[in-house]
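For reference, the structure discussed in these notes is given below.
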Amino acid sequence: MGFFVFLPLILPLTAVPIARLTEQHLHPRGAARLMTVISAVMAVCSVLCLGLIGVVGTAQIPGNPLPDSWSDPVVRHALPYHETVGTAAMWLLVLVAFTCCRTVVRHLRVRSRARRALAGLPEGPAGEEGLAVLPDRNPYAYALPGSPGRVVVSTGMLDGLAEDEREALLAHERAHLRHRHHRYLLTTQLAACVNPFLRPLQAAVAFSAERWADEESAQAVGDRRITARAVARAALVSHAAPAPGFAAFAAPAAAQPGPVPRRVAALLGPVPTARNWPPAKTPAGLAAMVAAAGTAASALCALNAAVALLVVLKAVTPL
């Protein structure tokens with residue numbers, strides 16, 4: 001095991017370049033999927049290695065619940081570090097578990113509260129099934145996942161948009177529901193809770209999910225300029241996010257000055273190519289290969305450490 005057991009904890013840094021370059025030469029759909037997979041794999045490897053460090057580092061501490069044979073010098077030699085490191089790893093695991101549980105509970109609580117608030121609310125007009133229009137002057141719109149999912153939009157948002165822009169907004173939110181973007185967002189949120197180095201990927205996946213829905217909306221209304229105008233106008237009038245953690249049509253422009261202009265610029269440009277991997281001879285392609293190599297190395301290091309520990313434990317455990 002040795003030093004290699006620590007590598008999965010820092011290898012997520014290899015994914016930072018692709019998080020910054022993902023919107024170049026890559027369709028938002030492919031970018032969201034690629035970065036979500038990278039985040040999930042690296043997060044699992046980080047948890048596995050923290051567990052291995054904790055087990056070996058605390059095996060020799062008196063009173064631990066582990067088998068006595070696990071404190072054998074041969075086992076400690078497999079990971080020759082002081083028990084302080086193992087104890088720190090166990091506390092980090094506890095912190096990771098607490099943070100992940102809190103994130104999941106908060107996500108489910110928000111969904112439950114939104115569901116209860118919409119209970120008994122009539123559907124939208126004919127042909128707008130799954131649409132919930134709230135009589136609220138605050139402008140907002142978001143996709144509420146579930147079975148079935150619903151598009152929630154306030155009258156304040158609808159009043160601030162033209163008719164064709166409303167169609168773009170609804171198509172955008174339905175794309176979030178249809179492709180289950182909330183799963184991508186939750187997965188990357190949990191990964192960022194496990195390893196803070198994965199936070200750039202979390203932000204990049206959130207942006208890619210919005211761009212993915214933008215492209216679906218533009219295709220549905222048949223005019224990319226209408227969707228771009230709807231995104232820009234919604235960002236100008238929005239000033240509240242009633243459902244944190246959900247995919248929203250436009251975040252407040254004052255809170256996020258970067259993503260909305262980039263989305264509008266992308267919609268005013270050409271349609272992105274439907275490739276799921278950037279060309280090799282581009283900065284994005286090089287960044288993707290570095291991220292893939294880092295993910296593979298992280299998985300191999302974690303697997304190697306786990307197998308090495310299992311072999312050692314099997315050798316020292318009496319029959």
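Bear in mind that the values here come from a model prediction, so they are computed numbers and not experimental data. Along the sequence shown, residues carry numbers from 1. Only heavy atoms go into these numbers, but all of them, side chains included; no hydrogens, no water, no symmetry mates.
Between Arg224 and Gln219, the closest side-chain pair of non-hydrogen atoms is not below 4.5 Å. The shortest distance between side-chain heavy atoms of Glu173 and Val153 does not fall below 4.5 Å. Residues Val290 and Ile18 are not in side-chain contact: their nearest non-hydrogen atoms beyond the backbone lie 4.5 Å or more apart. Between Leu190 and Thr103, the closest side-chain pair of non-hydrogen atoms falls below 4.5 Å. A heavy-atom distance below 4.5 Å is found between the side chains of Trp91 and Thr87. Met35 is listed as a side-chain neighbour of Ser208, based on a closest heavy-atom distance under 4.5 Å. The shortest side-chain heavy-atom distance between Pro28 and Pro272 falls under the 4.5 Å cut-off. Using a 4.5 Å heavy-atom cutoff, the side chains of Leu186 and Gln189 are in contact.
Listed for the Thr188 side chain is a donor-acceptor partner under 3.5 Å among the backbone atoms of Leu185. At distances below 3.5 Å, at least one donor-acceptor pair connects side-chain atoms of Ser217 with backbone N or O atoms of Ala168.
Closest of all the heavy-atom pairs between Thr187 and Thr36 is CG2-CG2, 3.8 Å. Across all their heavy atoms, Leu144 and Arg115 have their closest contact at O-NH2, 3.7 Å. Summarising the geometry of Leu11 relative to Gly294, their closest heavy-atom pair is CD1-O, 3.8 Å, with the distance given to 0.1 Å. Of all heavy-atom pairs between Arg166 and Asp159, the closest is NH2-CA, 4.3 Å. What you find for Ala162 and Glu165 is that their closest heavy atoms are N-OE1, 2.9 Å. Between Asn138 and Ser154, the closest heavy-atom pair is O-OG, 2.6 Å.
For the pair Glu216 and Arg178, the salt-bridge criterion is met [side-chain N within less than 4.0 Å of a carboxylate O]. For the pair Asp164 and Arg229, the salt-bridge criterion is met [side-chain N within less than 4.0 Å of a carboxylate O].
Rounding to the nearest 0.5 Å gives a distance of 6.0 Å between CG of Leu50 and CG of Leu92. The NE2 atom of His182 sits 10.5 Å away from atom OH of Tyr184, with the distance rounded to the nearest 0.5 Å. Here Glu163 contributes atom CD and Leu158 contributes atom CG; the two are 9.5 Å apart, rounded to the nearest 0.5 Å.
The hydrophobic cluster containing Leu267 also contains Val260, counting ILVMFWY residues as joined when their side-chain heavy atoms lie under 4.5 angstrom apart, directly or transitively. In the hydrophobic clustering of ILVMFWY residues, with side-chain heavy atoms under 4.5 Å counting as a link, Leu21 and Val205 come out apart. Linking ILVMFWY residues whenever their side-chain heavy atoms come closer than 4.5 Å, directly or via other members, leaves Trp277 and Val41 in distinct clusters. Follow the hydrophobic side-chain contacts under 4.5 Å out from Ile53 and you reach Val96 in the same cluster. In the hydrophobic cluster analysis, where Ile, Leu, Val, Met, Phe, Trp and Tyr join through side-chain heavy atoms closer than 4.5 angstrom, Leu177 is grouped together with Leu169.
The cationic atom of Arg263 (NZ for Lys, CZ for Arg) does not lie both less than 6.0 Å from the six-membered ring centre of Phe207 and within 45° of the ring axis.
In this pair, His176 and His181 present their aromatic rings perpendicular. The plane angle is above 60°, beyond the 30 to 60° band.
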Hey, mind stepping through Thr227 and His172 against side-chain contact (heavy atoms from CB on, under 4.5 Å) and telling me if it holds? CA-CA 9 Å; Thr227 302; His172 177 102; 5.7 Å; no

With side-chain contact (heavy atoms from CB on, under 4.5 Å) as the test, would you mind laying out the steps for Arg262 and Arg211 before giving the verdict? CA-CA 9 Å; Arg262 283 158 51 201; Arg211 282 283 300 117; over 6 Å; no

For Leu131 and Val133, what are the C-alpha separation, side-chain angles and deciding distance, and is it a side-chain contact (heavy atoms from CB on, under 4.5 Å)? CA-CA 6 Å; Leu131 173 63; Val133 180; 3.9 Å; yes

Check the pair Leu7 / Ile10 against side-chain contact (heavy atoms from CB on, under 4.5 Å), numbers first and verdict last. CA-CA 5 Å; Leu7 286 181; Ile10 60 175; 4.1 Å; yes

Donor-acceptor pairs are to be reported for all side-chain atoms of residues 192-204 against protein atoms at under 3.5 Å, with residues two or more places apart or in another chain.
residue: Asn195; atom: OD1; partner: Phe197; partner atom: N; Å: 3.0
residue: Asn195; atom: ND2; partner: Leu9; partner atom: O; Å: 3.1
residue: Asn195; atom: ND2; partner: Ser46; partner atom: OG; Å: 3.2

I'd like a table of donor-acceptor pairs (distance under 3.5 Å, sequence neighbours excluded) in which one partner is a side-chain atom from residues 278-287, with atom names and distances.
residue: Thr282; atom: OG1; partner: Pro279; partner atom: O; Å: 2.7
residue: Thr282; atom: OG1; partner: Gly285; partner atom: N; Å: 3.0

